[in-house]
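Beneath this line is the structure, given in structure tokens, with notes to follow.
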Amino acid sequence: MQLTRRGFFKSVGAAFAATAAFEVAAASPALAVETSKEWKLVNTEEHTSICCYCAGGCGSLCSVRDGELVNLEGDPDHPINKGGLCPKGASMFQLRNIVDPETREVIKNPERVTKPMVRRPGGKDWEPITWEDAIKEIARKVKDTRDATFIENEGGMTVNWTPGIASLGGSQENSEEEYLILKMMRSLGVVAIDNQARV
Ligand code: SF4
């Protein structure tokens, strides 16, 4: 597009007039009241958390008001993601709240699991179980499985291992926790050990 000197001054004049008009409008008390909204994070407490989705372990800031999560975003002070979250991590808010398909209102996710659940062998349904009972049952099964499958000697060689148990760690354990998990599994004779955070 060719711009003449005259055309240039006309464009600049028009832009200046539009800016001045906007400033006058913005200074109007009525408009200021109309456009002001309460800051969405007012009166919230900030809690830090870690993304649960992948081995990256990005940090997040959770804003909570009256015990309710109202916002979740990347933590700018976290050394891994420095405030950023991928689309999956940015959708973590939906683990707790969803949009009601009928009313389009934000509601608590009715499918959220808030306590340990167990599905018995042959069963179709999940049943709630207390943490205490869940840990006891898991410990019992680990011990029984280990005792039933433990191999002390193979071909005249001491091996002390079990092929009956495997261990897969999650992405949120830190190095020290992984060290302890490894120690515990090795002490049971488990050799099939992997971790989602191995990257
Ligand atoms: S935000 Fe994305 S990259 Fe970071 S831990 Fe979560 S899923 Fe992984």
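Counting starts at 1 for both ligands and their atoms, in listed order. Nothing fancy with the numbering, it's 1 onward along the sequence.
- Remark: R65 does not engage E45 in a salt bridge, criterion side-chain N to carboxylate O under 4.0 Å.
- More than 12 heavy atoms of other shown residues, nucleotides or ligands fall within 6.0 angstrom of atom CD in E154.
- Scanning both residues, T48 and D75, for their nearest heavy atoms gives CG2-OD2, 3.8 Å.
- The existence of a salt bridge linking E137 and R120 is confirmed by a sub-4.0 Å separation between a basic side-chain nitrogen and an acidic carboxylate oxygen.
- Neighbouring protein atoms of atom 4 (Fe) of ligand 1 (N, O or S, distance under 2.8 Å, waters ignored): C58 SG.
- Inspection of the N195 and E178 side chains reveals an N or O donor paired with an N or O acceptor under 3.5 Å.
- A salt bridge is absent between D100 and R104; no separation between the charged side-chain nitrogens and carboxylate oxygens falls under 4.0 Å.
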